[in-house]
**Q** 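One structure coming up, written as structure tokens, with questions to follow.
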Number of protein chains: 2
Amino acid sequence: MTVANRSPKRENLLQAARSLLHRQGLRATTLADVAVESGVPLGNMYYYFKTKESLAAAVIESRLGEMEESLTAAGQSSDPRARLENYLQAMLPLADQLARYGCPYGCLAQELVRMGGAIGRKGASLLEKQRDWLTAQFAAMGAGRRQAGELGLELQASMHGAIVLGLGLGDPEVIRVRLKALMTWIDGLDVREVGLAR
Amino acid sequence: MTVANRSPKRENLLQAARSLLHRQGLRATTLADVAVESGVPLGNMYYYFKTKESLAAAVIESRLGEMEESLTAAGQSSDPRARLENYLQAMLPLADQLARYGCPYGCLAQELVRMGGAIGRKGASLLEKQRDWLTAQFAAMGAGRRQAGELGLELQASMHGAIVLGLGLGDPEVIRVRLKALMTWIDGLDVREVGLAR
DNA sequence: GTCTATAAGATGATAGAC
DNA sequence: GTCTATCATCTTATAGAC
């Protein structure tokens with residue numbers, strides 16, 4: 001929070017970058033794109049973000065905050081099963097966007113991690129935050145530490161896999177079908193029984 | 001097959017491009033990269049591939065052929081359940097590569113489809129081919145048309161989700177755990193029973 | 001068919017006037 | 001703080017000698 005971290009122009013740049021990075025990806029988005037979309041002249045951007053990477057880092061921070069909010073919103077229910085279903089339910093109306101542009105967390109994380117370096121690790125933190133929350137819900141349902149981890153991973157993989165296919169096949173219905181199936185799965189899941197089966 | 005489609009230099013270029021597109025992605029790979037990796041001088045590449053896009057198209061064709069081969073190899077068993085397990089089993093030793101560079105089909109398809117245009121549709125064909133084969137195996141297990149499609153989608157989404165997480169979290173163990181769980185799932189799956197539950 | 005040199009354009013970043 | 005002009009570099013693609 002050193003310099004101009006709250007100016008409206010900085011906010012315009014960040015919002016434009018968020019949108020463009022989701023729609024086009026980091027590599028495909030030029031600073032000229034961000035300048036046009038935000039209405040801030042190219043040369044002026046550098047006052048707020050000294051490099052493209054620092055702009056990307058700000059987008060990651062913003063996405064982390066956004067995910068935090070969505071997890072908190074889904075976490076309002078007292079029943080962990082309902083919390084998971086809240087989370088999936090909230091994704092349902094986003095299916096068209098997700099099939100068009102991919103997951104704003106997953107795609108970004110993949111792109112960042114493939115670039116390597118410090119920024120790559122920041123990308124992983126997006127997925128870790130989500131995984132930890134999902135795992136915590138299964139733990140609250142009575143699953144043991146190990147089983148909760150496996151169920152959390154299973155659900156997260158199913159969610160991201162659905163979005164990859166929705167994007168890759170160009171069909172949002174794929175995402176909707178899978179999300180509904182996952183809600184049904186959670187609804188009928190007995191963690192103790194699954195645990196004994198292993 | 002008009003010009004020099006079988007020359008060793010063309011083959012070198014194609015192999016280098018295959019590898020680089022998997023490791024770095026299409027956008028991040030320059031023709032200079034391909035030139036260095038293949039040992040073919042930059043200016044000479046254009047005799048074999050007139051544009052970067054035509055080189056990418058050749059890589060897609062090559063990946064389609066590779067997938068065809070792996071599906072055929074897994075399809076040697078007479079039991080459809082065994083065929084699915086063969087396919088997953090063959091992925092298991094690739095977990096480290098998949099966690100490092102992502103799925104050579106899924107990542108490519110995602111990148112292509114996000115670029116739009118004719119080449120985007122070619123990316124989708126990679127995933128369609130895989131989905132159709134998976135679905136066919138469930139159909140051969142006795143599932144109805146609709147249920148086979150849903151199971152095929154579920155398995156495909158689970159596979160690709162596992163790879164996305166393995167890559168994003170930088171942990172190949174994630175992929176191994178999920179693949180083994182999927183094999184167990186297939187092993188215990190009764191398609192008629194699942195069908196009745198809906 | 002092969003390869004060097006280079007054109008043409010895009011892109012991240014900076015200089016410096018205001 | 002803002003913004004135009006521009007630099008330096010990278011990247012795709014071509015020209016043309018061999």
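As the structure is a prediction and not an experimental result, all values here were calculated from the model. Below, chains carry the letters A, B, ... as their sequence lines are ordered, and counting in each starts from 1.
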**Q** From CZ of A:R6 over to C1' of D:dG1, roughly how many Å is that when rounded to an integer?
**A** 19 Å
**Q** Answer yes when A:E68 and A:K129 have at least one side-chain N-carboxylate O distance shorter than 4.0 Å, and no when they do not.
**A** yes
**Q** Please encode protein proximity along nucleotides 3-14 of chain C as a string of B, S and -, counting only heavy-atom distances under 4.0 Å.
**A** BB------SSBB
**Q** Are any of B:Y47's side-chain N or O atoms less than 4.0 Å away from OP1 or OP2 of C:dG1?
**A** yes
**Q** Please round to the nearest 0.5 Å and tell me the distance separating atom CG of B:L71 and atom CG of B:L134.
**A** 7.5 Å
**Q** Can you tell me the distance, in whole Å, between the CE atom of A:M45 and the P atom of D:dT4?
**A** 14 Å
**Q** For the pair A:E128 and A:R131, find out whether any cationic side-chain nitrogen is under 4.0 Å from an anionic carboxylate oxygen.
**A** no
**Q** Is B:E150 paired with B:R146 through a side-chain N to carboxylate O contact shorter than 4.0 Å?
**A** yes
**Q** Can you tell whether the side chains of A:R27 and B:E111 come within less than 4.0 Å, N to carboxylate O?
**A** no
**Q** Can you tell me how far the CZ atom of B:R83 sits from the CG atom of B:L88, to the nearest 0.5 Å?
**A** 13.5 Å
**Q** Got a salt bridge between B:D96 and B:R176, using NZ or NE/NH1/NH2 to carboxylate O under 4.0 Å?
**A** yes
**Q** Would you tell me whether A:Q110 and A:H160 have side-chain atoms, one donor and one acceptor, within less than 3.5 Å of each other?
**A** no
**Q** In whole angstroms, how far is the P atom of D:dT2 from the CG atom of A:L13?
**A** 10 Å
**Q** Take the C1' atoms of the five end pairs on each side of the helix from C:dG1-D:dC18 to C:dC18-D:dG1, derive the two axes, and give their angle rounded to 10 degrees.
**A** 10°
